[in-house]
Structures are given as structure tokens and as C-alpha cells.
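Computed over heavy atoms, backbone and side chain alike; hydrogens, waters and symmetry mates excluded. Being a predicted model, the structure only gives us computed values, none of them experimental.
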Amino acid sequence: MLANGQTIIQWVEQLAPKSLAMEGDKIGLHVGTLQKPVKRVMVALDVLEPVVDEAIAQGVDLIVAHHAVIYRPLKHLRTDLAAGRLFEKLLKHDIAVYTAHTNLDVAVGGMNDWLAEELGLQDVEVLEAIHEDRWKKLVVYIPAAHRDAVFEAIMAAGAGQIGNYSHCSFQLSGTGTFLPEEGTSPYIGKTGQLERVDEIRLETVIPASKQTSIIQAMKKAHPYEEVAYDIYPLELKGAGLGIGRIGKLPEPLTLRSLAELVKSRFDLRGLRVVGKMDELVKRVAIVGGDGNSFVGKAAFRGADVLITGDIYYHTAHDAMADGLKLIDAGHNIEKIMKRKLAEYLGQRLAAGGYQTEVFASVEHTDPFQFV
């Protein structure tokens, strides 16, 4: 059984809800259709012509990318030019392209968390919050025999997380009643007869950003034709969600040693460093992509060093004046998402019993070389 394209993207959006994207970001489906069975999925950082050629050679039906293939409005679609040729290949080979960008950056367990985890940072926090998630309470009534299936489905979709505790819920036994009317196809009982069923009232908290995916998972796992559930808004504030992460190294390192660690962990051919190489650093901020606008925030939050990409000359001067060290690892540091997102989707496909394959693009898309 092959997974439908829309099913695969639902999993992407469970991890990185579209509501988390920054205003104006070009996310979502850019090319093709998701309404088709997918044999092979390729995860890519950039959608360039060599990446599309790789997808064609590998028999790919869907590319899930981080950077948009259509970022600015197209003035024309000429197939004798590079941009038009790329789209011609995608359309001729029926390859859909979906983009998850700043929503993946912001997401808990997404891009910036992957970067922080790769360096082993501890006590990690969001560097700059741009969203404040809200808590809601979900109450659902489940026939006793299906309690565990529904419980596991909604927890896997993101419900029940309170601080460092997962799978938090309250469950109470009771009796549910219903009378199936004409035109129904009840899982339990018969049309026209009042039924009394042993049910579980399950209560749990859910983040508003994941409400849609949690409800979808709940309905899929629930046996009833019509699921009885309630959602209540709560006054509790949820976690701050945003760009970048800040945390501590397990032990202090010199700036030189940290730079070598970054180069090794992220398979970089070179990087740029601002600061005295033999000074110790402990508190580290990290931002995938262009981090120029986060230099001031990193200094304010007490970071010893900011690891990011695309640092401007004068921004580096500003950082020096603030006493903040910099490691410019390049925008391509975000290539970590190819492996991590492919692993995530592979787990979902395996759990669903799908034969759809997913893999990370091997095409190198960093335009810069070091000599």
C-alpha cells in the first residue's frame, strides 16, 4: 500500500504547522498535486535543477524541501532558460514540490532543535519567541475496548505534553447513550434502538497549533461514525515558539575547538569565525540560515557565541563591539533537515504499514567553495 501525497504532508504539518510560518513566507505546495499515491519521497534543502535531475533518476513522486522553489512571482515560464527548464522537468515527470520553511524553523523538534541537538546543547530555550502557543483541553468519549488505540494516536500527534512530562491525561469510566437514526451505520448497536455503552471520558491538554492534526488522528483511531468530543479554551499560556535556540555546552570549549566541532558535526568544508580563538565559550546561540538579525538578541540573552550563516561584514563589527563571538557556518548548515525529516517521515510510513520510500537528497547545493 502506497501513501497518498496528502497523507505525507499531513505528517509534515503535524511536525511543522503552517500557522507557525512567518508572514509572507512561501510555504506549502508549489508544484504539482498531492492527490496521488506516492512511491518515493525525496527530502531536499534546495530545489535546483541538479536536485530535480536526481529526483527524476530516482523515480521520485514528491519532493519535500526547506527552501521555496517559487519565492518571487514568475514573470515567464520559458523552457529555454534555467528556471523554466526546471519547472518543465518537474511537470513532465509529475513530481510535486512542497515547502516547509520558517514553520519548520520554529517548530518544536524542527530545524533549530535539530541543530542544537547535533551540538549536544543542554538547557535549550527559544532564542527569540515570535509565537505564543495557547493551551486547550480536549475531552473525548471512547468505547472502553478502544481506549488505548485512541489514547496513543492523540498523544503521538502532540497531545498531553506538560513541561517534561508526556502522555498526561485524566480518564474516567461511565456510560454513554445514543440512538442511531435512519441513514446511520453505527459501529455499535442497531438503527432505531437506544444503546448504552461502557465508555471512557479522556481529558488531555493540546497546543492550539496542533489542534487540527490531533483531531484528525483522534477521528482516524476512533471506531465511531460520529465522535463525541469537546474542546475548551484555557487561560494557561503555552510555550513560546520562535526562531533560534540558546543553551549550554556540556563543558566549556575554546572558540577554536567549538568551530572545529561545528565543522565536523555539520560536514562543512570551511567556516568563518569572529573572536579570539583561544577564549572559552559555554553559552551558545544557534540559528539556521541567515542570522544577521539575531546578533543583538544573542548578545542580550547572554550568549558567548552565535552560530549561524550569512553574517555581514558590518554586523560582525557590531557583534565584536557587544563582546559576542560568531561562527558563520553558512546557510547550508540547514542541510541537516534532509536526514532528520527523512527519518521522521520514514517512521510515520513504517508505523502506517506503507510501502512508500523516503530518502534524503545527496546532491550538494552549497554554492560556495573554499580555496
Side-chain angles (χ1 to χ4, degrees), residues 6 9-28 98-117 123-142 150-172 200-222 227-247 285-288 293-294 297 300-301 341 344 348:
Q6 189 61 52
I9 296 309
Q10 284 177 357
W11 291 326
V12 175
E13 293 177 1
Q14 284 178 13
L15 172 64
K18 295 174 75 172
S19 60
L20 297 183
M22 298 179 73
E23 185 176 356
D25 194 15
K26 307 300 189 295
I27 64 168
Y98 179 94
T99 297
H101 188 219
T102 52
N103 51 325
L104 187 61
D105 292 335
V106 171
V108 175
M111 175 71 79
N112 284 286
D113 281 325
W114 293 331
L115 294 172
E117 289 168 5
D123 302 326
V124 175
E125 301 173 353
V126 170
L127 178 62
E128 183 168 27
I130 59 174
H131 293 281
E132 183 180 84
D133 216 348
R134 303 295 300 185
W135 284 112
K136 295 187 178 183
K137 176 170 283 190
L138 169 65
V139 178
V140 58
Y141 300 87
I142 314 164
V150 177
F151 173 77
E152 290 297 338
I154 62 177
M155 295 301 160
Q161 187 77 36
I162 301 178
N164 291 327
Y165 293 84
S166 66
H167 293 70
C168 300
S169 74
F170 182 79
Q171 301 179 25
L172 185 68
I200 302 297
R201 174 188 166 107
L202 186 153
E203 299 183 16
T204 189
V205 290
I206 64 173
S209 61
K210 294 189 176 182
Q211 177 178 324
T212 299
S213 58
I214 289 171
I215 298 304
Q216 288 174 344
M218 177 193 73
K219 289 182 175 180
K220 185 175 181 180
H222 204 291
V227 181
Y229 68 97
D230 304 305
I231 296 177
Y232 303 98
L234 300 176
E235 292 298 321
L236 298 172
K237 293 182 178 180
L241 304 174
I243 301 293
R245 300 294 185 263
I246 185 167
I286 189 164
V287 178
S293 61
F294 297 94
K297 176 60 70 172
F300 178 77
R301 294 288 303 275
L341 189 55
Y344 166 81
R348 296 301 181 276

If you measure from [atom1] on [X] to [atom2] on [Y], what distance do you get to the nearest 0.5 Å?
| X | Y | atom1 | atom2 | result |
| --- | --- | --- | --- | --- |
| D113 | R245 | CG | CZ | 4.0 Å |
| K137 | D230 | NZ | CG | 11.5 Å |
| I214 | T204 | CD1 | OG1 | 8.0 Å |
| L241 | I130 | CG | CD1 | 8.5 Å |
| K220 | I154 | NZ | CD1 | 15.5 Å |
| L172 | L202 | CG | CG | 10.5 Å |

Tell me if a side-chain donor or acceptor on [X] pairs with a main-chain N or O of [Y] at a distance below 3.5 Å.
| X | Y | value |
| --- | --- | --- |
| Y229 | K219 | no |
| R134 | P233 | no |
| K26 | G24 | yes |
| W135 | I206 | no |
| H131 | L20 | yes |
| Q211 | S213 | no |
| R301 | V126 | yes |

Measuring only between side-chain heavy atoms, which start at C-beta, is [X] closer than 4.5 Å to [Y]?
| X | Y | value |
| --- | --- | --- |
| M155 | S169 | yes |
| V108 | D133 | no |
| V150 | I200 | no |
| L138 | I215 | yes |
| E152 | H167 | yes |

Work out which heavy atom in [X] is nearest to a heavy atom in [Y]; give both atom names and the distance.
| X | Y | answer |
| --- | --- | --- |
| K210 | A157 | CD-O, 3.8 Å |
| N103 | A16 | ND2-O, 3.0 Å |
| Y344 | W11 | OH-O, 2.6 Å |
| N112 | V287 | OD1-CA, 3.5 Å |
| E13 | K18 | OE2-CD, 3.1 Å |
| F294 | I243 | CZ-CG2, 3.3 Å |

Checklist entry - For M22, does the CE atom sit with more than 12 other heavy atoms under 6.0 Å from it, leaving out its own atoms? => result no

Checklist entry - Without hydrogens or angle criteria, can the side chains of Y232 and E203 be said to hold a donor-acceptor pair below 3.5 Å? => result no

Item to check | Trace of the side-chain contact (heavy atoms from CB on, under 4.5 Å) decision for D25 with T99 | outcome: CA-CA 10 Å; D25 194 15; T99 297; over 6 Å; no

Next on the checklist: Working note: L127 + K297, criterion side-chain contact (heavy atoms from CB on, under 4.5 Å); need CA distance, chi angles, decisive distance, verdict.
Outcome noted: CA-CA 7 Å; L127 178 62; K297 176 60 70 172; 3.9 Å; yes

Checklist entry - Run the side-chain contact (heavy atoms from CB on, under 4.5 Å) check on Q171 and F151 step by step: do they pass? => result CA-CA 10 Å; Q171 301 179 25; F151 173 77; 3.6 Å; yes

Checklist entry - Would F170 and V139 count as a side-chain contact (heavy atoms from CB on, under 4.5 Å) if you check the C-alpha gap in whole Å, the side-chain angles of each, and the deciding distance to 0.1 Å? => result CA-CA 9 Å; F170 182 79; V139 178; over 6 Å; no

